[in-house]
Amino acid sequence: MVRLITHNLLACHAKGCTSNNFPLRFENARVELREAEFNGDFLQGFLPKIEWNALVDTAKQLGDTSLPPEQPEMTDDEFLKNLHHVLMEIHVEEGVMICPNCSRNYPISNGIPNMLLADYEIA
Amino acid sequence: MAPEVTRVTINEPAQAYEDKHVHEVYDQIAPHFSSTRYKPWPIIGQFLCSIPTGWVGLDSGTGNGKYLSLPADRPGDIWTIGLDRSRNLLQHARCAGSDQPIREVVLGDILGSNWRAGVFDYAISIATIHHLVTPERRRAAVQRLLETVSPNHGRILIYVWAMEQDPLSKRRLPESDVGSAGLDVAVPWVLTGTEQVFNRYYHMFAKGELVGLVLEAAATLGLEIGSPSEGTTKSGRGVEIVQDGWERSNYYVELRCWRTQV
Ligand SMILES: [Zn+2]
C-alpha cells in the first residue's frame, strides 16, 4: 500500500544516488480512495516531519489540489480534514515510482511498493 | 516429539544463502503463518504503548505485521510502517486481522536505506536480525536502524533469538561449547497436515552479543554511548542503552538517540 504518508518518507537508495533522490515521482498510478478514521492529534504530531513541497506536488500529480502551497502556521479543522484525506485516504494500488535523480524505477503491485535493489545496485 | 534444531555451516555467499534459507522459506510458509500466531511479547507491547501520539515508526522485518496495529487501545495515534523481504508475508501484514484497516507495508531489505535519513521517530526489529548470516551484516542492520531514526529523539527496540532458551520451550538444541560467538542453526518448520519440512536459518545469539553489536554499530557511526553528560559544553550525538535483557528465549535491547547542541 502506498499512501502519501509512506511516500513522503521514501527515498531512492540506488548506488551513488544520495542527493535529489526524493520525492519519487508517480507514473501510471492507479488510485483508490478508501475512507480512514480521522485522528487530529496524530496529524498535529506528524506535521513537522512532512516534506511539505513534496506532499503538495505529489498530491497534485494524483489530482488533489486541496493543500495550500505553504504549510500554515495555524491549523484549522478544514485544513486537517484535507491533510487527513491526502495522507491517509489516497491509495496507489499499481504504478511506478521514479527517482528524480537517477530515474531508477520502483514498481508498485497489489498496493505493495518494491524497494529492493539488485546486487549490482547496492552501495 | 519436537523437531530438532541442527548446527549449520554457511558455505555460500551471504545473500544467496539467506535467499534460499530465509526468504524463500518464508514466502512458502507465509499462508500458514496466521496473524494471531503470537500474543505480543510484554516488552514490545510496553515499548509501543510508550510512544507519543503523532510519531511514525518502522517495523524492520515486519513478517505478518502483528505489531503494526499496536497499541490496541490507541488506534491511529502512532503509525508503524512494515518492511519485509517476503512479498507473501506482506500480503498478510497489509490486512492483519480482518477487522483491521489496511496497513502500510513496503517490500525491502533491512540492509537497504530506502527512507529519508532520520525520518522515523522509532523503529522496532523483532526476530529479524538473527536471520542474517555474518556478524558484519548483523552489525550493518543495527547501523541502519540507528540511521533511520531521528538523531534527536529516535527510539529503537531489537529482539533476537537467544541460545538461552525458555525451559518451557520444546525445542531441543545442539550441544555446544560456543562462547560469545553465538550459534548458526537450522530450525525446522513442519507444515501442518503434511510431511513437508522447511528449514530456516537462525543465528542464535550468545549472552552479551546483541549489546556488543550495538556498541560496534554506534562506534562505526561515531556516536557516543551512554546518556548525554550533564552541563556538557560540547555538541555531540549519542545513543543510550535504556534497557537490555532476556524475555522468553530472546535477547532484547532498547535504545534512545540524543543530540546536544551548544
Ligand atoms: Zn536514484
Side-chain angles (χ1 to χ4, degrees), chain A residues 1-15 17-19 21-24 32 34-51 54 84 87-89 91-93 97 99 104 106-123, chain B residues 13-16 19 23 51-58 62 65 68 74-95 100-121 140 144 147-150 152-154:
Chain A
M1 198 62 25
V2 193
R3 280 181 256 191
L4 296 197
I5 182 172
T6 303
H7 173 268
N8 203 259
L9 311 177
L10 288 171
C12 178
H13 62 138
K15 195 176 193 164
C17 190
T18 51
S19 61
N21 55 348
F22 161 87
L24 306 175
E32 261 177 47
R34 290 196 190 89
E35 228 171 281
E37 194 86 26
F38 178 83
N39 186 321
D41 292 336
F42 171 78
L43 292 173
Q44 296 280 11
F46 183 58
L47 254 177
K49 280 159 275 205
I50 297 176
E51 281 281 344
H84 168 74
L87 286 175
M88 303 294 199
E89 299 190 322
H91 295 247
V92 178
E93 298 286 324
M97 294 183 294
C99 172
R104 210 300 185 173
Y106 295 95
I108 302 163
S109 120
N110 236 337
I112 300 177
N114 182 351
M115 300 303 291
L116 289 172
L117 298 174
D119 283 349
Y120 66 89
E121 296 176 297
I122 295 169
Chain B
Q15 185 68 64
D19 282 345
H23 310 130
I51 299 293
T53 296
W55 279 23
V56 286
L58 174 67
T62 192
L68 299 182
R74 288 161 54 211
D77 273 7
I78 66 174
W79 196 265
T80 312
I81 295 174
L83 177 120
D84 205 277
R85 242 200 118 106
S86 163
R87 184 184 286 278
N88 293 350
L89 281 177
L90 288 180
Q91 301 282 7
H92 286 262
R94 240 182 102 188
C95 31
Q100 295 284 338
I102 287 174
R103 299 283 154 196
E104 292 290 289
V105 297
V106 170
L107 181 61
D109 196 295
I110 60 168
L111 296 178
S113 36
N114 52 273
W115 308 102
R116 290 199 266 132
V119 78
F120 289 105
D121 300 297
R144 288 294 173 278
E147 288 166 342
T148 210
V149 298
S150 160
N152 299 311
H153 63 253

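Numbered from 1 within each chain, the chains take letters A, B, ... in sequence-line order.
Side-chain atoms of A:Ser109 and B:Arg87, non-hydrogen and from C-beta on, do get closer than 4.5 Å to each other. Within the 4.5 Å cutoff, the side chain of A:Phe42 has no heavy atoms near those of the B:Ile78 side chain.
Both the backbone and the side chain of B:Leu90 come within less than 4.5 Å of a heavy atom in chain A. For B:Pro75, the part lying under 4.5 angstrom from a heavy atom of chain A is the backbone only. Using a 4.5 Å cut-off between heavy atoms, A:Ile50 contacts chain B through its backbone alone, with no side-chain atom that close. For A:Phe22, the part sitting under 4.5 Å from any heavy atom of chain B is the side chain, from C-beta outward, and nothing else.
Considering only residues two or more places apart in sequence or on other chains, A:Ile122 meets the side chain to side chain contact (heavy atoms under 4.5 Å, CB included) condition with A:Leu117, A:Asp119.
Among all heavy-atom pairs drawn from B:Glu104 and A:Arg3, the shortest one is OE2-NE, 2.7 Å. Closest heavy-atom contact between B:Arg94 and A:Asn110: NH1-O, 2.5 Å. Across B:Val106 and A:Pro113, no two heavy atoms sit closer than the pair CG2-CG, 3.8 Å.
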> Are A:Gln44 and B:Thr53 close enough, and set up right, to give a side-chain contact (heavy atoms from CB on, under 4.5 Å), and what steps lead you there?
Replying inline: CA-CA 9 Å; A:Gln44 296 280 11; B:Thr53 296; over 6 Å; no
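The main-chain N or O of A:Met115 is never found under 3.5 Å from a side-chain atom of B:Asn114 such that the two would form a donor-acceptor pair.
With rounding to the nearest 0.5 Å, the separation of OG1 in A:Thr6 from CH2 in B:Trp79 is 7.5 Å.
Listed options B:Leu107, B:Val56, B:Asp77, B:Leu58 were ranked by heavy-atom pairs under 4.5 angstrom with chain A; first place goes to B:Leu107.
Among pairs with a residue in residues 106-119 of chain B, those fulfilling salt bridge (Lys or Arg N to Asp or Glu O under 4.0 Å) read A:Glu51-B:Arg116, B:Arg85-B:Asp109, at least two apart in sequence or across chains.
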